[in-house]
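Right, one structure below, let's go through it.
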Amino acid sequence: MGAGLNLSPNALMALRVLGVEDAVIARGSESDFLIIRSWKSGRIISRMRRGAFRQQFGAPNLTVHRADLLDVLRGALKTVVRRGELINIVAHFDSDSWTEESWTRECDVSELTTTYAGWHPDLLRLYSYSARWYKWALYDRDPVERWSKGRVTLLGDSAHAMLPYLGQGAAMAIEDACVLSAAIAHHANDLDKALLAYERVRVPRARAAVLGSRERARENHLASPWARLKRDVKFALRERFGRDKTVFQTAWLYGYDVGRELR
Ligand SMILES: Cc1cc2nc3c(=O)[nH]c(=O)nc-3n(C[C@H](O)[C@H](O)[C@H](O)COP(=O)(O)OP(=O)(O)OC[C@H]3O[C@@H](n4cnc5c(N)ncnc54)[C@H](O)[C@@H]3O)c2cc1C
């Protein structure tokens with residue numbers, strides 16, 4: 001299940017299309033700042049005011065528990081089924097039936113303390129607050145041009161697995177769902193056309209998110225001290241002189257309103 005999920009304004013705008021934005025906002029939390037710190041000294045490298053997203057894009061930047069988001073979506077599905085607009089939906093949320101995932105393994109805390117020896121004590125202290133520890137592998141895939149074959153198509157990670165450094169995997173999956181359902185509704189009698197229309201809208205955007213996340217991974221983990229210094233100075237200057245303007249530069253990603261795309 002995982003724990004916290006960051007939902008950027010584009011994810012909230014997609015949830016608006018699905019009619020559940022307010023319910024998710026009610027379950028989420030909006031800290032004052034998004035902060036990036038040095039792994040070793042704890043020094044703040046970058047700090048963004050979270051409210052700036054809401055002001056700029058008309059939707060907040062939130063953190064929700066994954067279980068809460070699923071709960072809201074499951075609740076909405078039941079409502080749709082009750083209203084009789086959709087029949088023959090089977091949503092199976094049975095976590096017991098799927099227990100092994102090769103990219104997530106439970107581990108012993110000693111493995112973590114050995115791997116992260118030398119990291120800032122505030123971070124290391126976090127380990128003592130948990131009774132179980134997991135290690136997760138992080139992978140992405142090169143973007144592909146086609147997601148559909150015949151009557152089968154992909155959405156979410158199966159179509160565009162990306163690294164989590166822009167916090168966009170779930171957001172893209174929700175946007176995919178909005179566009180796919182609209183395309184099928186629009187081309188109700190021609191599934192080939194519907195899937196082509198879906199890919200035309202989604203493939204380029206998902207590609208940009210995959211490659212952008214890869215670039216951010218590189219920037220977050222620079223090996224050379226000089227490159228790190230250059231990056232930190234860039235962030236510091238941006239914070240000092242750019243303030244909330246940094247948020248504007250992310251408009252292509254976080255300010256995207258899938259509802260506008262569908263109108
Ligand atoms: C550390 C980390 C942090 C992240 N942070 C963010 C974030 O802040 N914001 C954000 O938007 N995204 C984030 N993501 C990405 C996000 O978690 C994924 O992109 C999102 O969960 C993808 O949703 P999905 O439905 O496509 O796939 P999944 O959530 O992986 O769902 C697929 C489901 O199918 C099940 N399954 C697989 N194979 C089978 C099978 N054969 N039979 C039955 N069931 C099967 C799996 O068990 C799983 O439950 C993060 C990811 C990681 C790893």
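What you see below is based on every heavy atom in this structure, not just the backbone, and it leaves out hydrogens, waters and symmetry mates. In each ligand, atom 1 is the first atom listed, and ligand 1 is the first ligand listed. In what follows, residues are counted from 1 in the order of the sequence shown.
- A donor-acceptor pair shorter than 3.5 Å cannot be found between the side chains of His65 and Asp71.
- For Arg66, the closest heavy-atom approach to ligand 1 falls below 4.0 Å.
- Distances between N or O atoms of Trp136 and those of ligand 1 include no value under 3.5 Å.
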Counting only pairs under 3.5 Å, give me each side-chain donor-acceptor contact of residues 14-25, with atom names and distances, residues two or more places apart or in other chains.
unit_1	atom_1	unit_2	atom_2	d
Arg16	NE	Glu21	OE1	2.7
Arg16	NH2	Glu21	OE2	3.1
Arg16	NH2	Gly58	O	3.0

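- Contact annotation: the side chain of Arg205 approaches that of Tyr256 to within less than 4.5 Å [non-hydrogen atoms, C-beta and beyond].
- Using a 4.0 Å heavy-atom cutoff, Leu138 is listed among the residues neighbouring ligand 1.
- Compare Ser158, Pro164, Ala3, Gly156 by their heavy atoms: the one nearest to atom 52 (C) of ligand 1 is in Pro164.
- Interface atoms of ligand 1 facing Gln168, defined by a heavy-atom separation under 4.0 Å, are 10 (C), 11 (O).
- The aromatic rings of His160 and Trp147 sit tilted relative to each other, their planes meeting at an angle between 30° and 60°.
- For ligand 1, the atoms closer than 4.0 angstrom to any heavy atom of Ala171 are 11 (O).
- For atom 10 (C) of ligand 1, the candidate residues are Ala209, Ala11, Gly167; the nearest heavy-atom contact is made by Gly167.
- Residues passing the salt bridge (charged side-chain N to carboxylate O under 4.0 Å, His left out) test with Asp32: none are found, sequence neighbours excluded.
- Between His186 and Tyr198, the distance from one ring center to the other does not fall under 6.0 angstrom.
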